[in-house]
Amino acid sequence: MTAPTRIVLIDDDRDDIDVALRAARRERLPVTITVFQDGREVLEALGIDGNGNGSASSRLRPHAIFLDLRMPRIDGWEILRRVRESPLTREIPVIVQSWSTRREDIERCYALGANSFVAKRMTPANPGFYFADAVRYWIQLNQTPYSTPADA
């Protein structure tokens with residue numbers, strides 16, 4: 001049996017985090033989710049905090065990053081910009097998830113290099129479905145040169 005796929009969830013809203021984690025458990029997604037509520041912490045964990053912290057062996061290397069936009073200190077746009085600028089992280093898929101559906105926000109995310117933009121939606125019958133569906137796509141359906149076995 002293979003180890004679960006690691007993804008990163010970056011969101012400052014504890015309620016949104018709890019909904020996403022419950023949805024992943026409910027759907028029995030084969031993932032390990034590392035949660036960050038602060039942009040500085042995730043940049044440090046990825047080894048791109050600008051201070052040279054972390055070594056190649058200690059850097060977090062998730063299969064995908066799920067990123068909220070509006071956060072204190074370092075917002076999602078700045079995190080996205082830094083992830084895309086760094087040769088250490090630029091190939092990691094970044095999926096923006098936000099309550100915003102403003103055209104300007106969506107355009108800005110794609111201009112900065114987001115791979116996908118998912119609108120958060122709260123539905124009483126299936127809370128967190130947007131997160132579970134996006135995770136399922138990025139870990140089970142999407143193929144990249146980095147996720148395809150060399151002998152396939």
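These figures come from a predicted structure and were not determined experimentally.
Of all heavy-atom pairs between L67 and G76, the closest is CD2-O, 3.3 Å. Residues A20 and L9 come closest through the heavy atom pair CB-CD2, 4.0 Å. The nearest pair of heavy atoms linking L80 to C109 is CD2-O, 3.5 Å.
Salt bridge absent: D105 and R108 never bring a charged side-chain N and a carboxylate O closer than 4.0 Å. Using a 4.0 Å cut-off between a side-chain N of Lys or Arg and a carboxylate O of Asp or Glu, R82 and E85 do not qualify as a salt bridge. Salt-bridge formation is not detected for the pair D12/R70: no Lys NZ or Arg NE/NH1/NH2 atom is positioned less than 4.0 Å from an Asp or Glu carboxylate oxygen.
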* To do: Could you go through the side-chain contact (heavy atoms from CB on, under 4.5 Å) check for L69 and Q97 one step at a time?
  => CA-CA 7 Å; L69 290 178; Q97 48 183 26; over 6 Å; no
* Determine, step by step, whether V19 and F131 satisfy the side-chain contact (heavy atoms from CB on, under 4.5 Å) criterion, reporting the C-alpha distance in whole Å, the side-chain angles of both residues, the deciding distance to 0.1 Å, and the verdict. => CA-CA 9 Å; V19 165; F131 179 74; over 6 Å; no
* To do: Evaluate the criterion side-chain contact (heavy atoms from CB on, under 4.5 Å) for residue pair I7 and I65; output intermediate values, then yes/no.
  => CA-CA 6 Å; I7 63 170; I65 297 171; over 6 Å; no
* Could you go through the side-chain contact (heavy atoms from CB on, under 4.5 Å) check for D68 and D16 one step at a time? => CA-CA 10 Å; D68 185 37; D16 287 350; 5.5 Å; no
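Taking OG from S100 and CD1 from I106, the interatomic distance works out to 6.5 Å, rounded to the nearest 0.5 Å. Here the CZ-CD distance, from F36 to E44, works out to 9.0 Å after rounding to the nearest 0.5 Å. Here the straight-line distance linking atom CD of E27 with atom CZ of R22 works out to 13.5 Å at 0.5 Å rounding. Going from atom CD1 of I95 over to atom CG of N115 covers 6.0 Å, rounded to the nearest 0.5 Å. The structure places CZ of R136 at 8.5 Å from CG of L141, a figure rounded to the nearest 0.5 Å.
A continuous path of ILVMFWY side-chain contacts below 4.5 Å connects I74 to V8, so both sit in one hydrophobic cluster. Following chains of ILVMFWY side-chain contacts shorter than 4.5 Å, one cannot reach V118 starting from W77, and the two form parts of different hydrophobic clusters. Note: the hydrophobic cluster containing V135 does not contain V42 (ILVMFWY, side chain heavy atoms under 4.5 Å, direct or indirect links). When the side chains of ILVMFWY residues are joined at heavy-atom separations under 4.5 Å, either directly or via intervening members, V94 and L112 end up in a single hydrophobic cluster. Cluster annotation: Y137 is connected to I33 through the hydrophobic network of ILVMFWY side chains, with a link wherever side-chain heavy atoms come within less than 4.5 Å.
Side-chain rings of Y110 and F117 stay apart, their centers remaining 6.0 Å or farther from each other.
Judged by distance alone, with hydrogens and angles left aside, the side-chain atoms of R84 form a donor-acceptor pair with the main-chain N or O of G113 at under 3.5 Å. For the pair H63 (side chain) and I92 (backbone), a donor-acceptor distance under 3.5 Å is absent.
Applying the side-chain contact (heavy atoms from CB on, under 4.5 Å) rule to L88 yields the partners I48, R59, R61, S86; only residues at least two apart in sequence or on another chain are considered.
Residue pairs meeting the side chain to side chain donor-acceptor pair (under 3.5 Å) criterion with at least one partner in residues 121-132, sequence neighbours excluded, are R26-N126. For residues 31-41, the salt bridge (Lys or Arg N to Asp or Glu O under 4.0 Å) pairs, not counting sequence neighbours, are D38-R73.
For R28, the CZ atom counts as loosely surrounded, since its 6.0 Å shell holds 12 or fewer non-hydrogen atoms of other residues, nucleotides or ligands.
The side-chain heavy atoms of Q37 and M71, taken from C-beta on, include no pair separated by under 4.5 Å. By the 4.5 Å heavy-atom criterion applied to side chains, V35 and D11 are not counted as neighbours. Residues V83 and L46 form a side-chain contact, since some pair of their non-hydrogen atoms from C-beta on lies under 4.5 Å apart. P127 has its side chain within reach of M122: a pair of non-hydrogen atoms, C-beta onward, lies under 4.5 Å apart. Under the 4.5 Å side-chain criterion, counting only non-hydrogen atoms from C-beta, T5 is not in contact with P30. Taking the side chain as every heavy atom from C-beta outward, S116 and W138 approach each other to under 4.5 Å.
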